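To start, the structure itself, in structure tokens.
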Amino acid sequence: MRRVGIMGGTFNPIHNGHLAIAQKAREQFALDQVLFMPSGVPYMKDQREVLPIETRCAMTALAIKDLPGFELSEIEMSDVAQGKNTYTCDTLQKLKIVDPEAAYYFILGADSLYAIEKWEKPALIFQNCTILAAVRREEPENSQAATKPLSAQAQYLREKYHASVEILEFAGIDISSTKIREKVRKGESLRGLLPEAVERYIIAEHLYIA
Ligand code: NAP
């Protein structure tokens, strides 16, 4: 069975934190491939801030172009065309149809592991993939990480949903898309935060400055 990782994200923009957890997942779980999947309509984010799917896909393609085993998936683009919110449970079902023989591993950060029960049909998500969760060095504000360790949350989900949840052995990396957008607005350097090709694209296309 092919082991396929899914690195889903708003990717507004994609950065080295996303690439690092995907790389770690690929190594630790011997994944044959990782699909980088920009979210079609990330309804939980402030829509005024989110760039069009085409722009986020273009940045994602640039970020992974020289990285073996990483591929762009545009499967969630159809949600935009249909004017519907993007739900991971639906996407996983579509992926199962595209490749019924694959075993899917959905890669996510700590905050998503605490929030996943509020997503659409979490039981269906757990039925169709293994979750690989990574810590973050600096937990975003309002994170529950301070009160509940990631391993405890993973165990809770395993018991409640018979979910397959694994923790990535990852030290964390202090980068966020929000900080990158702030830096662009202030004209600060993005060195080390995201691939140079993505930085050049952001500057050339005047993204995030308004
Ligand atoms: P994002 O902000 O672009 O982040 C993508 C992933 O990377 C998140 O899991 C995030 O973890 C993680 N990450 C970012 N920076 C990191 C760092 N420095 N270190 C470690 N991890 C880091 O995307 P998103 O909006 O959270 O969406 C993630 C996926 O969840 C997408 O596929 C989206 O469609 C899905 N989602 C589904 C539903 C639903 O089905 N109802 C609802 C919401 C999201 P954190 O979670 O810790 O930020």
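Indexing begins at 1, ligand by ligand and atom by atom, following the structure's order. When a residue number appears, it is its place in the shown sequence, counting from 1. Worth saying up front: this structure is predicted, and the values here are computed from it rather than measured.
By heavy-atom distance, the residue among D90, I173, L19 lying nearest atom 18 (N) of ligand 1 is I173. Atom 37 (C) of ligand 1 has its nearest heavy-atom neighbour, among T88, N85, L168, in T88. The residue among M44, K179, K24 with a heavy atom at the shortest distance from atom 42 (C) of ligand 1 is M44. Which of G9, P122, A22 comes nearest to atom 27 (O) of ligand 1 through a heavy atom is settled by distance: it is G9.
Here's the thing with F11: one of its N/O atoms is less than 3.5 angstrom from an N/O atom of ligand 1. At a 3.5 angstrom cut-off on N or O pairs, I175 counts as close to ligand 1.
Between R200 and E196, at least one side-chain N (NZ, or NE/NH1/NH2) sits under 4.0 Å from a carboxylate O, which counts as a salt bridge.
Legend: ring pair (Phe, Tyr, Trp, His ring centres under 6.0 Å) pairs involving residues 56-90, not counting sequence neighbours, sorted by first then second residue: F36-F70, Y43-Y87. Annotation: ring pair (Phe, Tyr, Trp, His ring centres under 6.0 Å) contacts involving residues 181-210, sequence neighbours excluded, are absent.
A centroid separation of 6.0 Å or more is found between the aromatic rings of F126 and H162.
Contact analysis leaves K118 out of contact with ligand 1, as no non-hydrogen atom separation drops below 4.0 angstrom. Using a 4.0 Å cutoff on heavy atoms, M7 counts as a contact of ligand 1. The closest approach between a heavy atom of S177 and any atom of ligand 1 is not below 4.0 Å.
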**Request:** For side-chain hydrogen bond (donor to acceptor under 3.5 Å, both in side chains), just list the numbers for E117 and Y161, CA-CA rounded to whole Å, side-chain angles, deciding distance to a tenth of an Å, and then say yes or no.
**Result:** CA-CA 10 Å; E117 280 195 291; Y161 296 94; 2.6 Å; yes
**Request:** Give the intermediate values and the outcome of side-chain hydrogen bond (donor to acceptor under 3.5 Å, both in side chains) for residues R158 and Q155.
**Result:** CA-CA 5 Å; R158 284 183 201 118; Q155 188 55 26; 2.7 Å; yes
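Ligand-side atoms of ligand 1 in range of L108: 9 (O), range being under 4.0 angstrom from any heavy atom. Of all atoms in ligand 1, numbered sequentially from 1 with element shown, those under 4.0 Å from a heavy atom of V135 are 20 (C). Each of the following atoms of ligand 1 lies closer than 4.0 Å to a heavy atom of F106: 32 (O). Every atom of ligand 1 is numbered from 1 in the order shown, and the set under 4.0 Å from a heavy atom of E120 is 41 (N).
Proximity of I21 to F170: side-chain heavy atoms (C-beta onward) are separated by under 4.5 Å at one or more points. Residues L157 and L113 have side chains in contact (heavy-atom distance under 4.5 Å, counting atoms from C-beta outward).
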